[in-house]
Structure formats: structure tokens, C-alpha cells
Amino acid sequence: MQNKTVSEPGRFDTTVYTRELDAVLANGQEESCAALVDVSDEKNMVQRVQGTPPHAPLDAAQLGLLTRAVLMPDELSSVQRTELNVLISALGGLQAVVIPMSKEDIFALRLSGSNRVLILLIRHRDVTVIDAGTVARAQVVRSKVEQNKLELSPMEQSYSIWATLVNKLMELTRKAGMSLQLKGVLKDAIQGDEYVSAGILVDLAQRSVLDYYLIGAVDAAAVLKAVLPLFGGALDLYPLLAAMGYARHNSDNNSGNNSDNNIGKVQLQIGERDFYWLRVPYFPLLHLPFDPIAMLLLYKKPQGNPVLDWSVLDRAGLNLLRLRIGVLLEGGLQTMLEPFPRTHIEFQAILDELGRLDREDVISRLDIGGFAPRPVDIDGTIQRCQECIYYLPHRKWCDLPELPVPVEPDWWCRLWKV
Ligand code: SF4
């Protein structure tokens, strides 16, 4: 099936970028749309569409607005906030939020046909970025809660009485560092699953917390405060992150130095479309963003398991990161090609230096690693990544734990080893 570009030509409208978008579409669900969006200027966008999606593709202004709201909500003007609200409502309203983090995933899921939202924090079983297990767990908890009709008593239906009581209880338990189950619905749904570390059930119409279970660092009152505007169309995810124990780092704003606590990946269901955003380029395993400007976006009909979608986006993100590093190296980025380590102690000293780096500091990693965008002759032996023991050919990836970067087979660094 032929993919077509449906956006105005921008700086991303080149073979390099459309090829990556087409790869995402080729490996994903049929009738999907993939785009690369410059959050600072939606004119710099390319969108590729596969087949005839059930809903018309969004235009550049709409995708730009949604993407800016996800990545840098503080920078939206009041006019843009209003436009965003109208757009989300026209698309069918926010139904679900998934924020994959390095060790756990945050879910905020609207229960079907209701004003209730279930918020869950689910730990990964292993180091995979979006763990199929967390998605399955969230679905199980949601369906158990949906089966259990949480009927409110007349007293509880009085917002003011209920909200006051809940807030007092939450404040007391938070101060005491305790957990508390209010009604037991979540306890029934979560109990026995050691990977679900927090569950909160809120009612958007009542503006209240209905139930919560296993609260650790999670502040249920703050979760409620975050979820109300989020599901009201503001699309600001950072208050929810903060309420779930992830304080935002100040360095996020346009510096390019983002942390695990800042958004690199987001999945939203708005109306009848699933949207997947990946900050590009992005380190899938270590959550190391590199260029804060571009977001890779896939949107399509919802499907049960997002792991395949994330994996094709990750691959495209890695390819784009590799391209970016290649441009830097070929553009003359100076790195420490010498001294080449001749002993185990010298080798280990470089590893130690790499290990002390901020894990988001890609440039210093290239510098200390001594990267070159070409093979290098050491003592008459031509060395390159392709023959190095750390090179993973299928991913074109350096598997040295201190140097996790996508590489080309013809590159080299001074930690080369056979
Ligand atoms: S250690 Fe260096 S030479 Fe070996 S694969 Fe990694 S980057 Fe390439």
C-alpha cells in the first residue's frame, strides 16, 4: 500500500525522515498516520498516511498544538489553550493517558461510559520501557473496578461533605506516611498484585477521590487536582507526574537536558484515536532525550497491546538519533581519540569516567568515549564497531553499559575490544 504525505513541505520533508515514518507505518497497524513534528514550528512537519484511516488525518496546526501541549504545556498562550480544549472535545475527549517511565508506568484511564478515572502506578517486571505486563495489569484492574459498581450513598453524593472528609483523611494519612483504603474497591481489584504500587479512583463530576489503595509517595489529593484539568482538556501531564512522585526538573525548558522525570514518551487515547508521542531522538532503554524539538507521532485506531507500536517508534527514534550523532561527528565534533587504553586499568579508568557522567549527557559520552565516524588504524589493525564485541548488529547499537548509543558499523571509539 502506498503511503502519502499530507502535510505542507517543511524541513522534515526529506527522504531521510519520510523513510523512518514509512518504516513505522510498515511495521504497525494498518490505516495509521505517522508524523514528525517540530514543536516550535508546526510548519516544520511531515505527516505520512497509510491507506484510508477511519478518521481523517489531523492537519499540521492541530498536530502542532497537541504536541506542544504534551511537551511544553507552560508555553501555550491562553488562545491556544482554548483552541486545545475545543480540539480535544471535537476529537471525542480524553479517554486514557499512559506515561511510560524507566521503572514503572503511569496510567489514567477513564472508566467506560462514566466520569470516573482510574489512576495506577505499575512497576515493570524488567527493564523494558513499556512493559506488556503493566498494560495487561492496568486492563485487569480497570475491568475489575468496572465490574464493581461503586455506588455512592446519599451522603457521599454530597460533594462538600464527601470531599472534606476525604481530604482530611488523605492529609492525616499522608502526614503519618500511612496507606488507607476508603471503600475497598481498589483493594479488591489490586490486592495480590505486587507490581501495582498505587491506585486512585476519582470522580470528575463529583470532583472527589472515591477510593485509593497502596499510597506510597503518591499524593492522592494532588492526583485529583491534576486529573481534573487534564481530563477537562488542558492536556498538561506534568501535575500528574508530580503527584505520582516525579518532580519536574527545571532543566526541561528547551535546554535539551531532560530527565527521567520529564516527558519523553506519552500515549493518549483521545476519542477513537490512540496517539503515541516519542521525543526524538530518544534512548529507549535509558530515557535519554537528545533533541528536545522534534516529536515522532503515531496515531491510529486503539488496539489492546501498545508494545508493537512503541517498538517501531523506538526503532525509528534510534535511527534518527544515530543520524544526529553522525552529523555531529562528521561536522567536526572533537572527541578524545587518545590515549587509546592499553591496559585493563586504563580501560577501566575510561569506563569509570563515563559512569560518572550525567546519564543524559550524550555529548560528553561521545567525547570521553573518543568517537570517530570512521574506522581507525591502531598498531596496524583497522578497528571499527562492526568487529567490536560490544556491537549489536541488528540494532546497530553499542552494548557497552557505560556507552549506550546507536552506532554505525564503520564508526569507532577508543573502547573498541575483540
Ligand atoms: S565500544 Fe566503541 S567500538 Fe565498540 S561498539 Fe561501542 S562504540 Fe563501537
Side-chain angles (χ1 to χ4, degrees), residues 16 19-20 23 102 126-129 256-260 264 278-292 294 296 311-418:
V16 168
R19 187 177 55 222
E20 292 305 329
S102 59
D126 50 39
V127 294
T128 51
V129 171
N257 296 321
N258 302 296
S259 77
D260 187 39
L278 172 73
R279 196 191 291 244
V280 176
Y282 191 73
F283 276 42
L285 279 180
L286 293 180
H287 285 240
L288 300 183
F290 190 62
D291 180 346
L296 196 55
S311 109
V312 294
L313 280 171
D314 280 341
R315 182 171 286 273
L318 271 189
N319 290 343
L320 293 169
L321 176 56
R322 192 181 300 103
L323 282 169
R324 181 108 164 93
I325 292 175
V327 168
L328 284 173
L329 293 172
E330 280 151 17
L333 181 75
Q334 296 298 309
T335 69
M336 294 167 62
L337 301 174
E338 292 176 335
F340 181 76
R342 306 223 168 243
T343 65
H344 177 69
I345 291 174
E346 288 169 357
F347 186 89
Q348 187 59 48
I350 299 173
L351 290 188
D352 290 346
E353 206 175 339
L354 287 168
R356 283 192 292 272
L357 287 178
D358 187 310
R359 56 185 209 147
E360 297 168 6
D361 191 348
V362 179
I363 300 292
S364 299
R365 219 164 279 280
L366 298 176
D367 180 17
I368 293 164
F371 273 74
R374 59 183 182 281
V376 168
D377 184 342
I378 302 285
D379 301 336
T381 302
I382 300 295
Q383 300 182 358
R384 56 181 185 161
C385 291
Q386 187 159 353
E387 284 80 30
C388 174
I389 55 167
Y390 300 113
Y391 181 64
L392 300 183
H394 297 303
R395 293 182 70 205
K396 297 211 289 184
W397 176 262
C398 175
D399 202 36
L400 187 63
E402 292 80 359
L403 207 58
V405 284
V407 291
E408 288 290 350
D410 267 348
W411 292 358
W412 175 87
C413 90
R414 62 188 176 130
L415 293 162
W416 183 90
K417 217 176 190 182
V418 284

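Read the numbers this way: they start at 1 and go in the same order the structure lists the ligands and their atoms. Just the heavy atoms: all of them, side chains too, but no hydrogens, waters or symmetry mates, feed the values below.
When each atom of ligand 1 is checked for a heavy atom of Tyr390 under 4.0 Å away, the hits are 1 (S). Close contacts between ligand 1 and Phe371 involve ligand atoms 7 (S) [criterion: under 4.0 Å to a heavy atom].
Among protein heavy atoms, the minimum distance from atom 2 (Fe) of ligand 1 is reached at Cys413 SG, 2.3 Å. The nearest protein atom to atom 8 (Fe) of ligand 1, hydrogens excluded, is given as Cys385 SG, 2.3 Å; this is a heavy-atom distance.
The closest side-chain donor-acceptor pair between Gln383 and Trp416, if any, does not fall under 3.5 angstrom.
Between atom 8 (Fe) of ligand 1 and Cys388 there is no N/O/S contact shorter than 2.8 Å. At a cut-off of 2.8 Å, Cys398 is counted among the residues with an N, O or S atom near atom 6 (Fe) of ligand 1.
Under 4.0 angstrom from ligand 1, there are no non-hydrogen atoms of Trp411.
In this structure, Arg414 does not pair ionically with Glu338, as no charged nitrogen and carboxylate oxygen lie closer than 4.0 Å.
A heavy-atom distance below 4.5 Å is not found between the side chains of Arg324 and Val327. Between Leu415 and Ile350, some side-chain heavy-atom pair lies under the 4.5 Å cut-off.
Aromatic ring orientation, Phe371 versus Trp411: perpendicular (interplanar angle above 60°, classes split at 30° and 60°).
Environment of CD1 in Ile345: sparse, with no more than 12 heavy atoms of neighbouring residues, nucleotides or ligands closer than 6.0 Å.
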